[in-house]
Q: 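Sharing a structure, written as structure tokens. Questions coming.
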There are 2 protein chains.
Amino acid sequence: MNANQAIPALGALAQEHRLATYRLLVQAGPDGLAAGTIATRLAIPASSLSFHLAQLAEAGLVSQRRAGRSVIYAADFAAMNALLGFLTENCCAGEDCTAAAPLCQAGAD
Amino acid sequence: MNANQAIPALGALAQEHRLATYRLLVQAGPDGLAAGTIATRLAIPASSLSFHLAQLAEAGLVSQRRAGRSVIYAADFAAMNALLGFLTENCCAGEDCTAAAPLCQAGAD
DNA sequence: CGTTCATTTCGATATTTATCGAAATGATTG
DNA sequence: CAATCATTTCGATAAATATCGAAATGAACG
């Protein structure tokens, strides 16, 4: 993970509908959800959702696969973990700051 | 942490100079860095940096304090951890998905 | 193999965001 | 208390992003 990958990923998540979509997919797990299901649950037009799903996919945060007539989207957990690791990289210059930031050391090394 | 807090935080990080600034501060640790030092290191105009620092602060990702003539900015590690936790909340509906996503379970519960 | 249906693309518009020099601010220091 | 200096605000401009209906796409099903 580098800044050129992290910026689109963060930007993809920094929007109401995309964040809601992503969290829905995180909670859905590897099975994912059909685009239409997401549109219905979030009550947003299909064309708007398609725009947002494309950005999440472009950022590498979600994968897509076809199932029957539907396109199923699923969160890419490896990408999420890479992003979280990137944000905490070299935390406190490698010093111990576990007390102040429990997850801080997770991304170090 | 909720979406209304997470969106500005993610948006704050989704920009080249702000992400670079934030990572600099994560690595600097609790001591933080003066605004001028950051501007010099990143080679961006003071007014531009001020604009970006204001957004990071508004999003709650950094704190500011005065030291002599300088204003010192420091990463807020608690805010970072809250954000990371929010992104992994209710991962896989609580099922075990540790193998696919090491950090996934960290934010559950 | 024509129909159906979920999804995506298009297009036009409105909104938000980034940039940076110049000027203002305001706390500090001698 | 005047001068200095780091930082922020202002203002004007450019660029990127969000919205959503209508039309197009194209895979699937009978």
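As the structure is a computational prediction, the values presented were derived from the model and not from experiment. Naming convention: chains lettered A, B, ... in sequence-line order (proteins, then strands); numbering from 1 in each chain.
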Q: Below the 4.0 Å mark, does dT17(D) have OP1 or OP2 next to a side-chain nitrogen or oxygen of H52(A)?
A: no
Q: With respect to the phosphate group of dA18(D), does any side-chain polar atom (N or O) of R18(A) fall under 4.0 Å of OP1 or OP2?
A: yes
Q: Checking the side chain of Q5(B) only, and the main-chain atoms of N2(B) only, is there a donor and an acceptor separated by less than 3.5 Å?
A: yes
Q: Flag the pair L25(A) / I38(A) as yes when at least one side-chain heavy-atom distance between them is below 4.5 Å, and no otherwise.
A: yes
Q: When the distance from CD1 of I72(B) to P of dT28(C) is rounded to whole Å, what number comes out?
A: 13 Å
Q: Answer yes or no: does a side-chain N or O of S50(A) lie under 4.0 Å from OP1 or OP2 of dT8(C)?
A: yes
Q: Does the side chain of Y73(A) get closer than 4.0 angstrom to OP1 or OP2 of dT8(C) through an N or O atom?
A: yes
Q: Which nucleotide wins on minimum distance to the side chain of Q64(A), given the candidates dA18(D), dA18(C), dT8(C)?
A: dT8(C)
Q: Rounding to a whole Å, what distance do you find between R66(B):CZ and dA6(D):P?
A: 11 Å
Q: Under 4.0 Å between a side-chain N/O of S48(B) and OP1 or OP2 of dT19(C), yes or no?
A: no
Q: Is T40(B) reaching over with its side chain to a backbone N or O of G36(B), donor-acceptor style, under 3.5 angstrom?
A: yes
Q: Measure from CZ on R65(A) to P on dA6(C) and round the result to the nearest Å.
A: 18 Å
Q: Can you tell me the distance, in whole Å, between the CG atom of L53(B) and the P atom of dA18(C)?
A: 13 Å
Q: Should Q55(A) be listed as having a side-chain N or O under 4.0 Å from OP1 or OP2 of dT17(D)?
A: no
Q: Measuring from the side chain of S47(B) (C-beta onward, heavy atoms only), which nucleotide among dG21(C), dT7(D), dT19(C) has the closest atom?
A: dG21(C)
Q: Rounding to a whole Å, what distance do you find between I44(A):CD1 and dT7(C):C1'?
A: 13 Å
Q: Take atom CG of L10(A) and atom P of dA16(D), then tell me their distance rounded to the nearest Å.
A: 19 Å
Q: Kindly point out which of dT7(C), dA28(D), dT19(C) is positioned nearest to the side chain of F51(B)?
A: dT19(C)
Q: May I ask you to evaluate whether Q15(B) reaches the phosphate of dT19(C), defined as a side-chain N or O under 4.0 Å from OP1 or OP2?
A: yes
Q: Check the distance between dT19(D)'s C1' and L49(A)'s CG and give it to me in whole angstrom.
A: 13 Å
Q: Between R69(A) and A54(A), name the one whose nearest nucleotide on DNA chain C is closer to the 5' end.
A: R69(A)
Q: For L83(B) and L13(B), what are the C-alpha separation, side-chain angles and deciding distance, and is it a side-chain contact (heavy atoms from CB on, under 4.5 Å)?
A: CA-CA 11 Å; L83(B) 178 61; L13(B) 294 172; 4.2 Å; yes
Q: Determine the contact category for A35(B): base if any of its heavy atoms lies under 4.0 Å from a base atom, sugar-phosphate if only primed atoms, P, OP1 or OP2 are that close, otherwise nothing.
A: sugar-phosphate
Q: May I have the distance from E58(A) (atom CD) to dT8(C) (atom C1'), rounded to whole angstrom?
A: 15 Å
Q: Checking the side chain of R18(A) only, and the main-chain atoms of G11(A) only, is there a donor and an acceptor separated by less than 3.5 Å?
A: yes
